Amino acid sequence: MSRARQALPAQVLDVPVRVDGIMTSSFVVRRDEEWGWHRHDRHELLWGSRGSLVVETPSGVHAVPWTVGLWIPAGLPHRVTAGSGTEFACSYLPTSLPAPRSDAGAVAVPVVVRALFEELETKPLDPETRALGEQLLVRLLERADLTRLDLPMPDDDRTRRVADAVLADPADARTLDEWGAFVGASERNLSRLFRQETGFTFADWRTKARMRVAVELLAADQPVGIVGRRVGYRTASAFVQAFRREFGTTPGAFAGASGQAVAFAAPDGGRATSA
């Protein structure tokens, strides 16, 4: 796990740039929804007021709670899923703004910025007032921390079947010997392949896989106790300890208003294509 400052670059915040025509569309998700692979001609800022989004890009998966936004550069392929009850908005900004980086980045969206977005979306402002509001909005966007948890996926077919099954059901407590019987490989061979292809032992890799699922569930406002059981921990204390070891904070703090976004490295080194 590593922490990095990966949001808006200094030139976006500190150098005057003409901003014309910010557009925002708002969504209330009544049931789980998915927007398949697509891209936009303009920069996109995804931000919300409730729930969370999961955004996949060619380099990985971002679990984004409502406390932060995700800046997606123009032309970047991405896929978005949202859980029932999520309320969020897509704001499109002109490409005259320098792209923060080649991939999506976390952005803190202060209350005043949220209010400005809503004013620009709903009020028939005169051109001069709108232009001033757009300039101010961009300058008030704040950089945010991005916590990264890499989860490399194995290439060997047997090992990959185990990895996919663990991600599908992180509470599955089968031993590596039992998994070997399931996929037709010896425990020793699977152990060697996991270390060789992911850089982790099977036990360490499974812990990271559980954490990947856990943060997505926490970001979707699932109770900590339920999340712990769903990812394979019999007691809340065991889950809290494992989570703290990976992230340096408790799942309760993350699920509160921590303002953190979590990004996961792409399982296959980036195989995304645009729709």
Side-chain angles (χ1 to χ4, degrees), residues 5-9 11-13 17-29 32-83 86-122 130-131 133-146 216 219 259-264 266 270 272-275:
R5 304 290 288 184
Q6 296 184 19
L8 295 180
Q11 63 264 33
V12 173
L13 297 174
V17 177
R18 182 173 178 80
V19 183
D20 290 310
I22 292 178
M23 299 179 295
T24 298
S25 298
S26 299
F27 300 86
V28 176
V29 181
D32 294 354
E33 289 196 43
E34 176 181 329
W35 291 262
W37 286 102
H38 62 285
R39 65 179 80 199
H40 303 288
D41 294 333
R42 313 181 100 214
H43 299 314
E44 180 182 22
L45 179 63
L46 291 176
W47 58 280
S49 58
R50 181 182 178 188
S52 69
L53 301 170
V54 176
V55 182
E56 184 175 358
T57 69
S59 68
V61 179
H62 305 262
V64 187
W66 68 267
T67 49
V68 298
L70 192 70
W71 180 291
I72 303 173
L76 181 72
H78 57 283
R79 181 173 67 90
V80 181
T81 57
T86 298
E87 298 178 9
F88 74 100
C90 303
S91 295
Y92 301 98
L93 297 93
T95 54
S96 58
L97 293 172
R101 50 198 287 262
S102 60
D103 193 36
V107 181
V109 186
V111 172
V112 63
V113 172
R114 295 168 185 266
L116 281 169
F117 271 130
E118 291 170 3
E119 285 288 307
L120 293 172
E121 178 187 5
T122 60
R130 175 171 291 276
E134 291 176 345
Q135 291 279 356
L136 178 61
L137 184 154
V138 170
R139 295 183 69 83
L140 288 174
L141 288 175
E142 300 175 356
R143 298 174 180 86
D145 284 335
L146 188 69
E216 293 183 5
Q260 295 187 76
V262 178
F264 307 101
T273 57
S274 60

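Everything quoted here is computed from the prediction, not taken from an experiment.
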Looking at Glu134 and Ile22, would you say the former's side chain and the latter's main chain have a donor-acceptor pair under 3.5 Å?
yes
Quick one: does Arg39's side chain have a donor or acceptor within less than 3.5 Å of a partner on Gly75's backbone?
yes
Return the minimal non-hydrogen interatomic distance between Pro94 and His43, and the atom names on each side.
O-CD2, 3.3 Å
Main-chain N/O of Ala74 paired with His40 side-chain donor or acceptor, under 3.5 Å
no
Please identify each residue that fulfils side chain to side chain donor-acceptor pair (under 3.5 Å) with Arg79, with sequence neighbours left out.
Glu34, Glu56
Rounded to the nearest 0.5 Å, what separates atom CD in Gln135 from atom CG in Leu137?
10.0 Å
Over all heavy atoms of both residues, which pair between Leu70 and Ala106 is shortest? Give the atoms and the distance, please.
CD1-N, 4.1 Å
For Leu120 and Arg130, which heavy atoms make the closest approach, and how far apart are they?
O-NH2, 2.9 Å
All heavy atoms of Leu116 vs all of Gly133, minimum pair found to be CD1-O, 4.3 Å
Please determine whether side chain to side chain contact (heavy atoms under 4.5 Å, CB included) holds for the pair Val107 and Trp47, giving the CA-CA distance in whole Å, both sets of side-chain angles, and the decisive distance to 0.1 Å.
CA-CA 9 Å; Val107 181; Trp47 58 280; over 6 Å; no
What I'd like to find out is whether the side chain of Thr57 reaches to under 4.5 Å of the side chain of Ile72, using heavy atoms alone.
no
CZ of Arg114 to OG of Ser49: how many Å apart, nearest 0.5 Å?
7.0 Å
Shortest non-hydrogen contact from Ala82 to Phe88?
CB-CE2, 4.4 Å
If you measure from CZ on Phe27 to CG on Leu46, what distance do you get to the nearest 0.5 Å?
9.0 Å
What residues, two or more places apart in sequence or in another chain, satisfy side chain to side chain donor-acceptor pair (under 3.5 Å) together with Glu119?
Lys123
For Val138 and Leu93, the nearest pair of non-hydrogen atoms, with its separation, is CG2-CD2, 3.9 Å
